[in-house]
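Read through the structure below, which is laid out as structure tokens, and then see the notes.
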There are 2 protein chains.
Amino acid sequence: MAKDAKQEGLTKLELKMMQAVWRLGSCTVSDVQEQVEPPLAYTTVQTMLNILERKGKLRRRLQGKAYVYSAVMSEAKALGEAVRDLVDRMFGGSSEELVMSLVKSRQINRKRLAELSERLQRNEEER
Amino acid sequence: MAKDAKQEGLTKLELKMMQAVWRLGSCTVSDVQEQVEPPLAYTTVQTMLNILERKGKLRRRLQGKAYVYSAVMSEAKALGEAVRDLVDRMFGGSSEELVMSLVKSRQINRKRLAELSERLQRNEEER
DNA sequence: CATAATGTCCTAACACATTAGGAGTTGATG
DNA sequence: CATCAACTCCTAATGTGTTAGGACATTATG
């Protein structure tokens, strides 16, 4: 059980970095630097990627003269964890409450939700 | 338009404080201190509440010798904003993607979602 | 009245996020 | 070989979140 990296909780900039890496797949500091908005100094990007590696969110290996970074966790999984975190912290662990909040605050309307739900049901059947 | 308080983004402890205030309604520093877990020094709670007041999330008025704090925004509204924030930052603004992530990561199953959706539809009709 | 209790304000200390500069290494080039 | 470009590592400065102590004011109590 050698898991020292407590997941959960990317900061704003860390998230941007991760999103760049997810988009790019395996990539170097320069690759990320080109992607990231607003522009940041090379060394700033480097620092962030190294921090993320220390935290266990990225892995890296030397390829030629530069390190190549890649994500440890898939974007889908990270999204799932972020949602679970929100649900735990703000909705008392109830994902249904989250969905209801989405409706109540008009971020999704009932009809679209019903359609989406139906679509997902059909997906299940044809598996 | 005198709005200096940029909403969005409660930190972990700030959120706990807000949750205590939402639970309690109008309350004093001591009230919150009793609620909050793990225990914090009186002055720590006081500092946090004052910070939240400075940020425009709480208002306070002197009642007798102590200040009484209350939330500026309802919990429901704050939940809605928190969700919107997550959707914007992680799901490219698509709340449907969020719901799908909920299903994909098995935080809600298709059947429960369908039932919930149906229940919400009925709610709408009988309004 | 002296003092204890309760509360306010100010301030500090520590942690960590964000931003970036500078020194040093290494491979390519004139 | 001297130099340049690309890269790494180390370090620092600034900001803000979290935690709490201490000084001072006001009210209640022996």
Side-chain angles (χ1 to χ4, degrees), chain A residues 4-21 24 26-70 78 82 85-86 89-90, chain B residues 4-21 24 26-70 78 82 85-86 89-90:
Chain A
D4 72 321
K6 69 166 162 200
Q7 222 53 251
E8 232 55 271
L10 290 173
T11 64
K12 216 189 293 281
L13 184 57
E14 283 173 354
L15 177 59
K16 275 194 205 170
M17 296 289 156
M18 290 303 297
Q19 287 172 333
V21 175
L24 291 162
S26 282
C27 57
T28 64
V29 173
S30 312
D31 294 337
V32 174
Q33 192 196 7
E34 285 168 20
Q35 289 273 318
V36 101
E37 199 59 43
L40 289 174
Y42 181 94
T43 49
T44 302
V45 176
Q46 188 177 44
T47 302
M48 293 308 302
L49 294 183
N50 288 342
I51 288 172
L52 286 166
E53 197 240 349
R54 207 170 351 101
K55 292 188 178 179
K57 322 261 188 192
L58 294 179
R59 85 178 73 80
R60 67 180 206 181
R61 66 185 195 291
L62 207 46
Q63 192 155 46
K65 61 174 163 179
Y67 281 103
V68 172
Y69 294 80
S70 55
D85 184 51
L86 183 76
R89 299 202 332 180
M90 302 208 65
Chain B
D4 72 321
K6 68 166 165 204
Q7 221 53 251
E8 232 52 274
L10 291 173
T11 64
K12 215 189 292 282
L13 184 56
E14 284 172 354
L15 176 60
K16 277 192 203 173
M17 297 287 155
M18 291 304 296
Q19 286 172 332
V21 176
L24 291 162
S26 282
C27 57
T28 65
V29 173
S30 312
D31 295 337
V32 174
Q33 191 195 8
E34 284 168 19
Q35 289 273 319
V36 98
E37 199 59 41
L40 289 175
Y42 182 94
T43 49
T44 303
V45 175
Q46 190 177 43
T47 302
M48 293 308 300
L49 295 183
N50 288 341
I51 288 172
L52 286 165
E53 196 239 350
R54 206 168 357 98
K55 292 189 179 179
K57 323 261 189 190
L58 294 178
R59 85 178 74 80
R60 69 182 202 179
R61 68 186 194 293
L62 207 45
Q63 190 154 47
K65 62 175 164 181
Y67 281 105
V68 172
Y69 294 80
S70 55
D85 184 49
L86 183 75
R89 299 201 331 176
M90 302 207 66

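Below, read A as the first sequence line, B as the second, and so on, with proteins coming before strands; counting in each chain starts at 1.
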What's the [atom1]-[atom2] distance between [X] and [N], to the nearest Å?
X: B:Leu13; N: D:dT16; atom1: CG; atom2: P; value: 17 Å
X: A:Glu14; N: C:dT19; atom1: CD; atom2: P; value: 11 Å
X: B:Asn50; N: D:dT16; atom1: CG; atom2: P; value: 18 Å
X: A:Gln33; N: C:dA20; atom1: CD; atom2: P; value: 10 Å
X: A:Arg54; N: C:dT18; atom1: CZ; atom2: P; value: 13 Å
X: B:Tyr67; N: D:dA25; atom1: OH; atom2: P; value: 15 Å
X: A:Leu62; N: C:dG27; atom1: CG; atom2: P; value: 11 Å
X: B:Gln63; N: C:dT8; atom1: CD; atom2: P; value: 12 Å

(message) Quick check for you: to the nearest 0.5 Å, what is the distance between A:Leu15 atom CG and A:Lys57 atom NZ?
(response) 10.5 Å
(request) Look at the side chain of A:Ala66 and decide which nucleotide, out of C:dT8, D:dT18, D:dT8, has an atom nearest to it. (result) D:dT8
(message) C:dC16, OP1 or OP2 - any side-chain N/O from A:Lys12 closer than 4.0 Å?
(response) no
(message) Is A:Ser30 close enough to D:dC7 that one of its side-chain N or O atoms is under 4.0 Å from OP1 or OP2 there?
(response) yes
(message) If you assign A:Leu40 and B:Arg60 each to the DNA chain C nucleotide with the nearest heavy atom, which residue ends up on the more 5' nucleotide?
(response) B:Arg60
Is the closest side-chain heavy-atom distance between [X] and [Y] below 4.5 Å?
X: B:Cys27; Y: B:Glu34; value: no
X: A:Gln63; Y: A:Arg61; value: yes
X: B:Glu14; Y: B:Lys55; value: yes

(request) From the options A:Leu10, A:Val32, A:Thr11, select the one residue that forms a side chain to side chain contact (heavy atoms under 4.5 Å, CB included) with A:Met17. (result) A:Val32
(request) Please step through side chain to side chain contact (heavy atoms under 4.5 Å, CB included) for the pair A:Glu37 and A:Lys16, ending with a clear verdict. (result) CA-CA 8 Å; A:Glu37 199 59 43; A:Lys16 275 194 205 170; 6.0 Å; no
(request) Could you list by number each residue of residues 41-49 of chain A showing a heavy-atom separation from DNA chain C of less than 4.0 Å, or answer none if no residue does? (result) A:Ala41, A:Thr43, A:Thr44, A:Thr47, A:Met48
(request) Using atom types as modelled and distance alone, determine if a side-chain donor or acceptor of A:Asp31 lies under 3.5 Å from a backbone N or O of A:Thr28. (result) yes
Donor-acceptor pairs are to be reported for all side-chain atoms of residues 39-50 of chain A against protein atoms at under 3.5 Å, with residues two or more places apart or in another chain.
{"from": "A:Thr47", "atom 1": "OG1", "to": "A:Thr43", "atom 2": "O", "distance (Å)": "2.8"}
{"from": "A:Asn50", "atom 1": "OD1", "to": "A:Arg60", "atom 2": "NH1", "distance (Å)": "2.8"}
{"from": "A:Asn50", "atom 1": "OD1", "to": "A:Tyr69", "atom 2": "OH", "distance (Å)": "2.7"}
{"from": "A:Asn50", "atom 1": "ND2", "to": "A:Gln46", "atom 2": "O", "distance (Å)": "3.4"}

(request) Could you tell me, to 10°, how much the axis swings from one end of the helix from C:dC1-D:dG30 to C:dG30-D:dC1 to the other, five pairs per end? (result) 30°
(request) Taking all heavy atoms of A:Met90 and all of B:Ala82, pick out the closest pair and write down the distance. (result) SD-CB, 3.4 Å
